[in-house]
Amino acid sequence: MYQRILVATDGSALSKKAVASAIQLASTCAAELIALKVVPRYPQAYFEGSIPLSAEEVSRVEKQWTEAAQAQLATVEKSGKAKGVHIKSLVVKSDVVSDAIIAAAKKQHADLIVMASHGRKGIKRLLLGSETQQVLTHSHIPVLVLR
């Protein structure tokens with residue numbers, strides 16, 4: 001059925017449940033699982049909410065974020081290996097999470113994207129946005145949303 005499943009994680013409790021479901025689905029389908037964590041770039045402009053830092057400090061902060069993402073993905077790999085699932089970890093730097101997820105799915109030739117949804121409604125959804133909604137709206141690859 002599915003040969004390559006991409007699961008996006010942000011390390012939250014909800015995304016951990018989505019990861020567990022994706023591992024189970026990959027195990028059932030004998031599919032490869034691609035675990036993706038999108039890491040933001042450090043804001044460079046004052047108007048983006050950043051504190052002016054030197055280029056070396058920005059590099060250090062971004063490296064810390066990447067290392068933390070890799071540690072999260074190592075946990076996913078460990079869980080997958082326990083279920084006999086081959087997992088490829090992928091850390092992507094991007095300011096637009098939904099675009100990064102869609103691009104990674106295309107590049108990795110995934111035939112399914114698995115994501116969690118917080119289920120926000122009303123003003124919270126308007127203010128906080130919904131990466132899941134953006135992926136659903138713009139992806140040509142099927143998306144499985146878990147709440």
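For the single chain, residues carry numbers from 1 onward in sequence order.
With sequence neighbours left out, the side-chain hydrogen bond (donor to acceptor under 3.5 Å, both in side chains) criterion links K81 to no other residue. With sequence neighbours excluded, no residue forms a side-chain hydrogen bond (donor to acceptor under 3.5 Å, both in side chains) with T132.
The side-chain heavy atoms of V39 and V92, taken from C-beta on, include no pair separated by under 4.5 Å.
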Listed pairs under 3.5 Å, donor-acceptor, residues 134-145 side chains, sequence neighbours left out:
residue, atom, partner, partner atom, Å
Q134, OE1, H138, NE2, 3.2
T137, OG1, Q133, O, 2.7
T137, OG1, Q133, NE2, 3.3
S139, OG, I141, N, 2.9
S139, OG, I141, O, 2.9

Run the side-chain donor-acceptor check on residues 65-77: report pairs under 3.5 Å with partners two or more places apart or on a different chain.
residue, atom, partner, partner atom, Å
T66, OG1, E62, O, 3.0
T75, OG1, A71, O, 3.3
E77, OE2, S89, OG, 2.3

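Going from atom CG of L90 over to atom CD1 of I101 covers 11.0 Å, rounded to the nearest 0.5 Å. The structure places CZ of R147 at 5.5 Å from OG of S117, a figure rounded to the nearest 0.5 Å. Residue H109 holds its NE2 atom at 12.0 Å from CD of Q3, rounded to the nearest 0.5 Å. Here the straight-line distance linking atom NZ of K107 with atom CD1 of I102 works out to 16.0 Å at 0.5 Å rounding.
Considering all non-hydrogen atoms of both residues, A31 and I5 come closest at CB-CD1, 4.0 Å. Shown here for L33 and A22, the closest heavy-atom pair between the two residues is CD1-CB, 3.9 Å. Contact between S21 and L146 at its shortest, heavy atoms only, is CB-CD1, 3.4 Å. When every heavy atom of L6 is checked against every heavy atom of A110, the shortest pair comes out as CB-CB, 4.0 Å. The shortest non-hydrogen separation linking A100 to L36 is O-CD2, 4.4 Å. The nearest pair of heavy atoms linking S79 to I23 is CB-CD1, 3.7 Å.
The same ILVMFWY cluster, assembled from side-chain heavy atoms under 4.5 Å apart, contains both V61 and V91. There is no path of hydrophobic side-chain contacts, each under 4.5 Å, that joins M1 to I113.
Residue pairs that meet the salt bridge (Lys or Arg N to Asp or Glu O under 4.0 Å) test with at least one member in residues 9-37, sequence neighbours left out, are R4-E32. Screening residues 108-118 for salt bridge (Lys or Arg N to Asp or Glu O under 4.0 Å), with sequence neighbours left out, gives no hits.
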Verdict with reasoning, L25 to S27, per side-chain contact (heavy atoms from CB on, under 4.5 Å): CA-CA 5 Å; L25 181 60; S27 176; over 6 Å; no

Worked verdict on I34 versus V7 for side-chain contact (heavy atoms from CB on, under 4.5 Å): CA-CA 6 Å; I34 302 153; V7 62; over 6 Å; no

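Panel note: side chain S15, backbone A18; no donor-acceptor pair is recorded below 3.5 Å.
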